[in-house]
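In this text the structure is predicted, and so the values were computed from the model without any measurement. Reckoned from all heavy atoms, side chains included, excluding hydrogens, waters and symmetry mates.
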Amino acid sequence: MQVNRKLSLAKAANNDEFYTQYNDIQTEVNAYLDYNPDVFRDKTVLLPCDDPEWSNFTKFFVTNFNYFGLKKLISTSYAHSAKNVSFAWQPTLFETSNVNYNKDLSQTHGKVFLLDKGKVNTKRINIDNLRWYYLQGTGDFNSLEVKELRDEADIIVTNPPFSLFRNFVAWIFEAEKDFIIIGSQNAVTYKEVFPLIKGNRMWMGKGFSGGNAYFFTPYIEKYGDGVLMEDTGLVKFRNCLWFTNLDHGRRHEPLQLLTMEENRKHSKHKDIRETGYQKFDNYDAINVPYIDAIPSDYDGVMGVPITFLDKYCPEQFEIVEFPGTSIPGVIKNAEGKINGKITYARVLIRKKQ
């Protein structure tokens, strides 16, 4: 609960400086490469708001530029003066040692970094091979110049600002681009997001190892026990997911489930063994409070935890909707009751015949 609350507080305060770990990016991207080794071949990848001086996304794609067979890599940074931050800032040697360095623009303008297949004459590519120049504005992803870079790209990969996740998703779909991005688990119930999931236009990625996402943040002192990992200097969140519209193998792995009778006899959950599956007062559906307790032989509608979407196999289940819900396919907390008591949020699913 504390971890979820800390992420909510960070989002509310627009504390969006969270830097993803290199190994987490590598693990996620490998899932798409395993499914389709040519997923990035001859593609232009855009990493918006990812400064290579800080961002592991840029470092990762620069390092693997030739291996992935990329056509072009574009990375943009956001001007420090435009961020809602209080920590001290100064330009890095990477910037100041470049002929393009401009002291007057350094803090107020974003930058764009470019790596072109036809302009790299070495097999060993690193950050020094990037060409860069200052943008006309701050580097805001909604600016016209960054939108033009978006329109040029085939795939967008980043950890967008948590506070702007809805806007960022709309920005991607406006241009109908492929993407791999990070967001809060709570985002699956946003009215702007869930219809995309239900419509099979967006789904969950492979996910963070053990469900734990570790980030570096300049706001490290704001986090306490259970969130701040003292030995690493990172903060840990358990409610972050990868969102994508690129296919990967885990998405097509059906859940291995027991029958309803087997769950009533052998479930590790005491309430399932004792009371079985209760029906909602106001919906023709049963409540399934645990993913591993979803019965394999029930043909009706089931309300399951929103964490189910991280394991959703579209060949196994379909998302259905009932009239009266504010988001078709989801029972929000106050909308569902069992024996007069409000339940947790539930996704409505049915086994495919």
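- Among all heavy-atom pairs drawn from P289 and D271, the shortest one is CG-OD2, 4.3 Å.
- Taking CD of E28 as the start and CG of L246 as the end, the distance is 10.0 Å to the nearest 0.5 Å.
- Screening D116, L149, D50 against I74 for a side-chain contact (heavy atoms from CB on, under 4.5 Å) leaves a single residue, L149.
- Between the side chain of R250 and the backbone N or O of G205, at least one donor-acceptor pair lies under 3.5 Å.
- Residues I349 and L255 fall within the same hydrophobic cluster, defined by Ile, Leu, Val, Met, Phe, Trp and Tyr side chains chained together at heavy-atom separations under 4.5 Å.
- Taking NZ of K71 as the reference point, atom CG of L73 lies at 13.5 Å (rounded to 0.5 Å).
- Proximity of I156 to R150: side-chain heavy atoms (C-beta onward) are separated by under 4.5 Å at one or more points.
- Counting heavy atoms from C-beta on, the side chains of Y290 and K268 never come closer than 4.5 Å.
- Between the side chains of N159 and Y19, no donor-acceptor pair of N or O atoms lies under 3.5 Å.
- Between the CZ atom of F57 and the OG atom of S75 there is a distance of 10.5 Å, given to the nearest 0.5 Å.
- Ring-plane geometry between Y35 and H252 is classed as parallel, the angle between the planes falling under 30 degrees on a 0 to 90 degree scale with a further cut at 60.
- Partner of E152 under the salt bridge (Lys or Arg N to Asp or Glu O under 4.0 Å) criterion, out of K147, K72, K177: K72 alone.
- No more than 12 heavy atoms of other residues, nucleotides or ligands shown are found within 6.0 angstrom of CD on E176.
- Within a 6.0 Å radius of CG in D38, more than 12 heavy atoms belonging to other residues, nucleotides or ligands are found.
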Item to check | Residues V39, L33; criterion side-chain contact (heavy atoms from CB on, under 4.5 Å); working and verdict | outcome: CA-CA 6 Å; V39 64; L33 291 168; 3.7 Å; yes
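- In this structure, the side chains of F208 and I182 come closer than 4.5 Å at one or more pairs of heavy atoms.
- Remark: the backbone N or O of I338 is not paired with any side-chain donor or acceptor of Q278 at under 3.5 angstrom.
- In K265, the NZ atom is not crowded: 12 or fewer heavy atoms of neighbouring residues, nucleotides or ligands sit closer than 6.0 Å.
- Side-chain atoms of R201 and F173, non-hydrogen and from C-beta on, do get closer than 4.5 Å to each other.
- Going from atom NE2 of H266 over to atom CD of E261 covers 8.5 Å, rounded to the nearest 0.5 Å.
- Side-chain rings of W132 and Y134 approach one another, their centers coming within less than 6.0 Å.
- In this structure, a donor-acceptor pair under 3.5 Å is present between the side chains of E95 and S106.
- Of the candidates T259, L257, V288, L258, V288 is the only one forming a side-chain contact (heavy atoms from CB on, under 4.5 Å) with P295.
- Within the 3.5 Å criterion, the main-chain N or O of G139 finds no donor-acceptor partner in the side chain of E145.
- In this structure, K352 contributes its side chain and P314 its backbone to a donor-acceptor pair below 3.5 Å.
- Between K236 and Y214 the shortest heavy-atom distance is CD-OH, 3.5 Å.
- Not one N or O on the side chain of H248 forms a donor-acceptor pair closer than 3.5 Å with the backbone of V29.
- H269 and D292 share a side-chain donor-acceptor pair at under 3.5 Å.
- A distance-only check finds a donor-acceptor pair linking the side chain of N333 to the backbone of A345 [under 3.5 Å].
- One hydrophobic cluster, built from ILVMFWY side chains closer than 4.5 Å, holds both I294 and V330.
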Item to check | Pair V169-I172, side-chain contact (heavy atoms from CB on, under 4.5 Å): steps then yes or no | outcome: CA-CA 5 Å; V169 169; I172 290 175; 5.7 Å; no
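- Although no hydrogens or angles enter the test, the distance criterion places no donor-acceptor pair under 3.5 Å between the side chain of S267 and the main chain of R264.
- Taking the six-membered ring for Trp, F61 and F40 have ring centres closer than 6.0 Å.
- Residues L241 and Q185 come closest through the heavy atom pair CD1-CA, 3.8 Å.
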Next on the checklist: Could you walk me through whether E321 and K198 satisfy the salt bridge (Lys or Arg N to Asp or Glu O under 4.0 Å) test, starting with their C-alpha distance in whole Å, then the side-chain angles of each, then the deciding distance to 0.1 Å, before giving a yes or no?
Outcome noted: CA-CA 10 Å; E321 58 185 81; K198 183 178 181 296; 3.2 Å; yes
Checklist entry - Between D178 and K43, does a salt bridge (Lys or Arg N to Asp or Glu O under 4.0 Å) hold up when you go through it step by step? => result CA-CA 11 Å; D178 289 334; K43 299 294 178 62; 5.3 Å; no
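- Counting only heavy atoms from C-beta outward, the side chains of L135 and V112 approach each other to under 4.5 Å.
- Put simply, CD1 on I327 and CD on E192 are 8.0 Å apart, with the number rounded to the nearest 0.5 Å.
- Although no hydrogens or angles enter the test, the distance criterion places no donor-acceptor pair under 3.5 Å between the side chain of T27 and the main chain of D24.
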Item to check | Residue pair K351, D297: steps toward the salt bridge (Lys or Arg N to Asp or Glu O under 4.0 Å) verdict | outcome: CA-CA 8 Å; K351 183 181 69 172; D297 59 343; over 6 Å; no
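- Ring pair F60/F68 is tilted by interplanar angle, where 30° to 60° counts as tilted.
- Contact check for T244 versus I181: no side-chain heavy atoms found under the 4.5 Å cut-off.
- Evaluation of the side chain to side chain donor-acceptor pair (under 3.5 Å) test over residues 336-349, restricted to residues two or more places apart or in two chains, returns N287-R346.
- Here the side chains of L309 and F194 are in contact, with some heavy-atom distance below 4.5 Å.
- A distance-only check finds no donor-acceptor pair linking the side chain of T275 to the backbone of I272 [under 3.5 Å].
- Within the 4.5 Å cutoff, no side-chain heavy atoms of N129 are placed close to those of F65.
- With ring centers used as reference points, F243 lies 6.0 Å or more from F179.
- In this pair, Y312 and F308 present their aromatic rings tilted. The plane angle is within the 30 to 60° band.
- Distance check: T20 OG1 to Q26 CD gives 14.0 Å after rounding to the nearest 0.5 Å.
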Next on the checklist: Before you tell me yes or no, could you show the steps for L114 and L130 under side-chain contact (heavy atoms from CB on, under 4.5 Å), namely the whole-Å CA-CA distance, both residues' side-chain angles and the distance that decides it to 0.1 Å?
Outcome noted: CA-CA 5 Å; L114 302 170; L130 288 169; 6.0 Å; no
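- Taking both residues in full, the closest heavy atoms of V301 and Y298 are given as O-CE2, 3.7 Å, listed atom of the first, atom of the second, then distance.
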